[in-house]
Amino acid sequence: MISLLVLDSVDSTQNEVANRLKAGVPVDAILAYEQTQGRGRFGRQWHSPKGGCLALSFAWHAAIDTEWLEGVALAAGVIAAEVFDTSIAWPNDLLINGKKVGGILCEI
């Protein structure tokens, strides 16, 4: 079973997952209604205003060869696009009517 921690606001769900894992706090997924310092690829700022987004990060607990990470991100994008009925702007953006509404970011 996956544990999900829901937060009202956080600097970054990715940071929160990483910090908890480094501190030895078990975590599978963190969802936040607002990110104050969200980021995308290449460290670009990702705007996640309260009431306008859901930011979600998962922790992958299994060992994975880093060369597979790009494939994981692409697969996650395809799955998200199917679930949310969006299109994809490769490699990681989710679009509705040509406007970016989400993205997939994998980090080690």
Side-chain angles (χ1 to χ4, degrees):
M1 177 184 257
I2 293 175
S3 64
L4 174 65
L5 175 63
V6 179
L7 301 172
D8 189 49
S9 181
V10 68
D11 64 342
S12 160
T13 56
Q14 295 278 72
N15 288 348
E16 190 69 22
V17 166
N19 291 339
R20 287 172 184 264
L21 292 175
K22 286 176 191 172
V25 178
V27 62
D28 293 318
I30 293 180
L31 181 141
Y33 295 106
E34 174 187 44
Q35 288 187 117
T36 59
Q37 298 174 24
R39 65 183 178 281
R41 289 181 64 207
F42 308 114
R44 293 182 182 124
Q45 187 175 12
W46 177 256
H47 299 282
S48 304
K50 192 169 192 172
C53 76
L54 289 176
L56 178 65
S57 290
F58 290 96
W60 187 291
H61 296 285
I64 185 169
D65 189 335
T66 56
E67 70 183 42
W68 287 72
L69 193 57
E70 186 174 318
V72 170
L74 295 175
V78 170
I79 292 166
E82 288 183 13
V83 168
F84 296 111
D85 194 25
T86 67
S87 59
I88 299 175
W90 296 105
N92 69 331
D93 294 340
L94 302 175
L95 309 174
I96 295 178
N97 297 325
K99 294 186 179 185
K100 183 174 177 176
V101 296
I104 307 297
L105 177 66
C106 289
E107 296 181 318
I108 297 174

Using the side chain to side chain donor-acceptor pair (under 3.5 Å) definition, which of the options R39, Q35, Q37 pairs with S48?
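In the set R39, Q35, Q37, the residue that makes a side chain to side chain donor-acceptor pair (under 3.5 Å) with S48 is Q35.
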Under a single-linkage rule joining Ile, Leu, Val, Met, Phe, Trp and Tyr whose side-chain heavy atoms are separated by less than 4.5 Å, which residues share a cluster with V17?
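L5, L7, V10, L21, V27, I30, listed by chain and number.
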For L105, what are the other residues in its hydrophobic cluster, where any two members join if their side-chain heavy atoms are less than 4.5 angstrom apart?
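None; L105 is a cluster of one.
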Euclidean distance, F58 CZ relative to L4 CG, rounded to 0.5 Å:
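Rounded to the nearest 0.5 Å, the CG-CZ separation comes out at 7.5 Å.
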For L54 and L31, what are the C-alpha separation, side-chain angles and deciding distance, and is it a side-chain contact (heavy atoms from CB on, under 4.5 Å)?
CA-CA 7 Å; L54 289 176; L31 181 141; 4.0 Å; yes
Residues in side-chain contact (heavy atoms from CB on, under 4.5 Å) with D8, at least two apart?
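In terms of side-chain contact (heavy atoms from CB on, under 4.5 Å), with neighbours along the sequence ignored, D8 is linked to Y33, K50.
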For A89, what residues pass the side-chain contact (heavy atoms from CB on, under 4.5 Å) criterion, not counting sequence neighbours?
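A89 satisfies side-chain contact (heavy atoms from CB on, under 4.5 Å) with D93, L95 only.
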Please table the atom pairs, donor to acceptor, closer than 3.5 Å between any side-chain atom in residues 74-86 and protein atoms at least two apart or in another chain.
none

Partner residues of E34 under the salt bridge (charged side-chain N to carboxylate O under 4.0 Å, His left out) criterion, sequence neighbours left out
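With sequence neighbours excluded, E34 shows a salt bridge (charged side-chain N to carboxylate O under 4.0 Å, His left out) to no residue whatsoever.
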